[in-house]
Each structure stands twice: as structure tokens, then as C-alpha cells.
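Here the structure comes first, spelled out in C-alpha cells, and everything after it is commentary.
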Amino acid sequence: ERQVVESGGGLAQAGGSLRLSCSASGFTFEDDYAIGWIRQAPGKDREAISCISTRRSGTYYADSVKGRFTISSDHAKNAVYLQMNSLKPGDTAVYHCAAIKWLECRDWTPDSPYYDAWGLGTQVTVSS
């Protein structure tokens with residue numbers, strides 16, 4: 001069974017940093033997957049914020065996080081990371097990791113019917 005598990009959320013002050021981790025199991029990064037992050041704030045729609053491919057070049061960032069967040073991967077650990085800097089109160093949300101096979105990151109969307117793995121999420125709270 002393909003699974004992803006998030007960790008690293010918590011409370012930060014505006015302007016601070018957090019690093020989220022997504023640990024994948026049941027599939028290998030030698031296969032072609034898009035793995036990324038989708039967040040949902042209370043009362044708001046899901047937002048696809050970042051994606052990285054295991055086998056292709058290129059990444060995706062939503063405009064709302066571009067220049068502040070950096071996604072990276074470690075194939076040896078089957079893990080994806082999201083370094084979040086210059087955090088804002090508007091970044092407060094539950095952050096979910098997800099994976100889709102054979103997807104280009106440019107097609108990363110928040111409500112795909114094709115998720116091969118979807119994590120329970122980790123809460124990020126940014127205080128002003």
C-alpha cells in the first residue's frame with residue numbers, strides 16, 4: 001500500500017521558518033511520481049502549493065509561496081521536504097503531502113481524483 005506521512009508542523013511566529021517532511025512508503029522514488037504539498041485553511045478551498053517530480057526535472061510553486069518556500073527530495077530516504085521561510089499568518093493551514101504517478105508537476109492540482117497516496121496532514125499555525 002502506498003502511503004505518505006507528514007511531520008514537522010507546529011507553531012511559528014510571522015517571519016519565522018518551519019520545515020515539513022513527507023515520508024513515503026509502498027513505492028520507490030525510482031518510479032515516476034509527482035509528490036507535493038496541498039494545504040487547506042479553515043473555511044477555504046484547498047490550495048496546491050508545491051510539487052517535485054521523482055524522475056523529471058522541474059518543480060511547481062503557487063504564487064502565494066514562491067520565493068519563500070523550497071521543495072526538495074531525498075531519494076535515498078524516500079522523503080520530500082518543504083522548507084518554509086518568511087512565514088505569514090495566511091500560511092496557517094493543514095498541510096497534506098500527496099503523490100500521483102506519471103504526473104507532470106505543472107499539472108499539480110488540489111483536487112485530483114488520481115492521488116496514489118494522501119497524507120493525514122500536519123498543522124502549521126503562524127501567529128502575528
Side-chain angles (χ1 to χ4, degrees):
E1 181 184 3
R2 288 169 285 195
Q3 292 183 326
V4 290
V5 178
E6 308 90 342
S7 61
L11 177 64
Q13 290 189 331
S17 299
L18 286 172
R19 186 188 191 222
L20 304 185
S21 298
C22 172
S23 180
S25 61
F27 63 99
T28 172
F29 282 24
E30 295 303 313
D31 292 329
D32 182 7
Y33 280 88
I35 302 178
W37 298 89
I38 293 159
R39 69 185 181 185
Q40 186 158 26
K44 295 187 177 181
D45 293 335
R46 288 181 182 174
E47 181 184 15
I49 59 170
S50 188
C51 172
I52 191 167
S53 175
T54 60
R55 298 286 295 174
R56 311 183 194 200
S57 62
T59 54
Y60 165 81
Y61 295 97
D63 288 343
S64 59
V65 305
K66 202 172 292 183
R68 301 188 296 121
F69 291 9
T70 303
I71 194 167
S72 62
S73 63
D74 186 331
H75 284 218
K77 295 183 178 180
N78 253 35
V80 170
Y81 307 99
L82 187 68
Q83 179 66 42
M84 306 187 296
N85 297 331
S86 302
L87 284 164
K88 304 175 181 179
D91 294 319
T92 295
V94 176
Y95 285 68
H96 298 271
C97 179
I100 302 177
K101 199 169 185 181
W102 300 316
L103 184 77
E104 293 271 6
C105 273
R106 66 187 178 200
D107 297 323
W108 191 245
T109 59
D111 294 300
S112 173
Y114 304 115
Y115 294 122
D116 293 291
W118 175 267
L120 293 178
T122 185
Q123 175 71 45
V124 171
T125 303
V126 183
S127 62
S128 58

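Computed from a prediction, not measured in an experiment: that's the story for all the values here.
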Using modelled atom types only, decide if a donor and an acceptor are shared between the side chain of Tyr60 and the backbone of Gly36 within a distance under 3.5 Å. no

Asp111 atom CG, over 12 foreign heavy atoms within 6.0 Å: yes

Does the gap between the ring centers of Tyr33 and Phe27 come in under 6.0 Å? yes

Rounded to the nearest 0.5 Å, what separates atom OG in Ser53 from atom CG in Leu103? 8.5 Å

For the residue pair Arg68 and Asp91, establish whether any side-chain heavy-atom pair is separated by less than 4.5 Å. yes

Do Thr54 and Ile35 have side chains that approach each other closer than 4.5 Å (heavy atoms only, starting at C-beta)? yes

Of all the heavy-atom pairs spanning Ser50 and Trp108, show the shortest one and how long it is. O-NE1, 3.2 Å

Under 3.5 Å: donor-acceptor pair, side chain of Thr28, backbone of Glu30: yes

Closest contact, heavy atoms only, Ser112 versus Tyr114: OG-N, 3.0 Å

Starting at SG of Cys97, measure out to CG of Leu120 and round the result to the nearest 0.5 Å. 11.5 Å

Does Val124 belong to the same Ile/Leu/Val/Met/Phe/Trp/Tyr cluster as Ile71, with side-chain heavy atoms less than 4.5 Å apart forming each link? yes

Quick check: do Ile49 and Ile38 have side-chain heavy atoms less than 4.5 Å from each other? no

Is it true that Arg55 and Asp31 have a side-chain N and a carboxylate O under 4.0 angstrom from each other? no

Centroid-centroid under 6.0 Å between His96 and Trp37 rings: no

Side-chain heavy-atom pair Leu20, Met84 within 4.5 angstrom cut-off: yes

Could you tell me if the side chain of Phe29 sits less than 4.5 Å from the side chain of Val80, heavy atoms only? yes

For residues Ser21 and Glu6, is any side-chain donor paired with an opposing acceptor at under 3.5 Å? no

If I take atom CZ from residue Arg106 and atom OG1 from residue Thr59, how far apart are they, to the nearest 0.5 angstrom? 13.5 Å

Heavy atoms, side chains only, cut-off 4.5 Å: are Ser127 and Gln13 in contact? yes

Once side-chain hydrogen bond (donor to acceptor under 3.5 Å, both in side chains) is applied, do any residues pair with Asp63, and if so which ones, sequence neighbours excluded? Lys66

For the hydrophobic clusters of this structure (ILVMFWY residues joined by side-chain heavy atoms under 4.5 Å, transitively), does one cluster hold both Val4 and Val94? no

Test: Asp32 and Lys101 ion pair at under 4.0 Å: no

Which heavy-atom pair separates Gly10 from Leu18 by the least distance, and what is that distance? O-CD1, 3.9 Å

Indicate the atoms forming the closest heavy-atom contact of Lys44 with Gln40, along with that distance. O-NE2, 3.2 Å

Can you list the steps and then say if Gln83 with Ser72 is a side-chain hydrogen bond (donor to acceptor under 3.5 Å, both in side chains)? CA-CA 8 Å; Gln83 179 66 42; Ser72 62; over 6 Å; no

How far does CG of Asp107 sit from SG of Cys105, to the nearest 0.5 angstrom? 9.0 Å

Evaluate the side-chain proximity of Arg46 to Arg39: yes if any heavy-atom separation is below 4.5 Å, no if none is. no

First locate atom CD1 of Ile52, then atom OH of Tyr61, and finally report the distance between them rounded to the nearest 0.5 Å. 7.0 Å

Thr92 side chain to Pro89 main-chain N or O, any donor-acceptor pair under 3.5 Å? yes

Approximate separation, where rounding is to 0.5 Å, of Tyr115 OH and Ile100 CD1: 5.5 Å

Thr70 and Leu82, any side-chain heavy atoms less than 4.5 Å apart: no

